[in-house]
Amino acid sequence: MTFEEDILINAYRLHQNLMIKGELQKKKDVELYRLYSDPEIREVLHRVFLPIDQAIIVKADETLYLVPEVQNDAFSYNNEELRHLVKLKDNKELYFAQFIWMNVISEFYGEQFLLTGETRSFIKVDEILNKVKELMGNFDKLPEEDLNELSVQYELNIPGMLDVWHNLSEVTDKVKDLSKSHKKDYGFFLKVLGFLEKENLIVVKEEEEIVMTEKMKSIVGHYYHQETRINEIKKLLNDLN
């Protein structure tokens, strides 16, 4: 199939701007945003550019987002970049942060989603903290050999996560600024959730409630039923309960 020159040029313009900026907003990028409504331009993007990029375009809240596919390493953060962005000291803290993120997604896409197809409207930070606390307690009960076996099977550094968890103390009423108390359990959770908030994936209201953005819903909705990694982690979480 051949395309007119102006269609190819406009598709390339749109693609390049998404590559550079990561997103295009209807209010700020009026002309470029409008180009995406042209079916021929969309076809060029989806048939030519996006397969090469190993990416998808997600449309949410009048914004276009360029999102890498799961297998794409080129546009994804590596461990070093993530540690820097989330301000974590080592990979053990990073693995624990990722475990927290997994549990956030799991709570939103839990039993209610399976029954109704709708995610929960919000979850409490306390819920995630208590869930992770329970899971860490279950890990603690397992012999070292089993922990190492699970670590290999699920590609998680479980002993390292336990080490991080054991070094976090419980938050008390004496703590005045939770967001800066990173050596406390609740403060650490707020810090790692803050990264998702900066990425416009969630909103944390008054340091208590977590709400998913439309961007997060669109991205997770695309991957949730097809991504084996998510299903593997859900199986691990369910088996530990």
Least distance between heavy atoms, M216 atom then L201 atom:
CB-O, 2.9 Å
W165: which residues meet the ring-ring contact (aromatic ring centres under 6.0 Å, His included) condition with it, sequence neighbours left out?
none
Counting only N and O atoms by type, is there a donor-acceptor contact under 3.5 Å from the side chain of H84 to the main-chain atoms of E80?
no
Can you say whether the rings of F96 and F99 are parallel (under 30°), tilted (30 to 60°) or perpendicular (over 60°)?
parallel
Please examine the side chains of M136 and K133, heavy atoms only from C-beta on, and report whether any two atoms are closer than 4.5 Å.
no
Check whether Y186 reaches the backbone of L129 with its side chain - one donor and one acceptor, N or O, closer than 3.5 Å.
no
Taken in chain and number order and not counting sequence neighbours, the residues that satisfy salt bridge (charged side-chain N to carboxylate O under 4.0 Å, His left out) with K205 are none
Measure the CG-CG distance between L147 and D140 for me, rounded to the nearest 0.5 Å.
8.0 Å
Pairwise distance CG(D90) to CG(D163) - rounded to 0.5 angstrom
8.5 Å
Using side chain to side chain donor-acceptor pair (under 3.5 Å) as the criterion, list what pairs up with K215, not counting sequence neighbours.
none
Is the backbone of F108 close enough, under 3.5 Å, to the side chain of R120 for a donor and an acceptor to pair up by distance?
no
Which residues share a salt bridge (charged side-chain N to carboxylate O under 4.0 Å, His left out) with R13, sequence neighbours left out
E31
Those residues at least two apart in sequence (or on a different chain) that pass side chain to side chain contact (heavy atoms under 4.5 Å, CB included) with L82 are Y77, V86, L94, Q98, W101, F195
We want to know whether N200 and Y65 form a side-chain donor-acceptor pair, criterion being a heavy-atom distance below 3.5 angstrom.
yes
Tell me every residue that passes side chain to side chain donor-acceptor pair (under 3.5 Å) with D29, counting only those two or more places apart in sequence or in another chain.
K21
Check: S151 side chain, L156 main-chain N or O, donor-acceptor pair, under 3.5 Å:
yes
Between CG on residue L64 and CG on residue L14, distance to nearest 0.5 Å:
6.5 Å
Determine whether a donor-acceptor pair (N or O, by modelled atom type, separation under 3.5 Å) exists between the side chain of E107 and the backbone of E127.
no
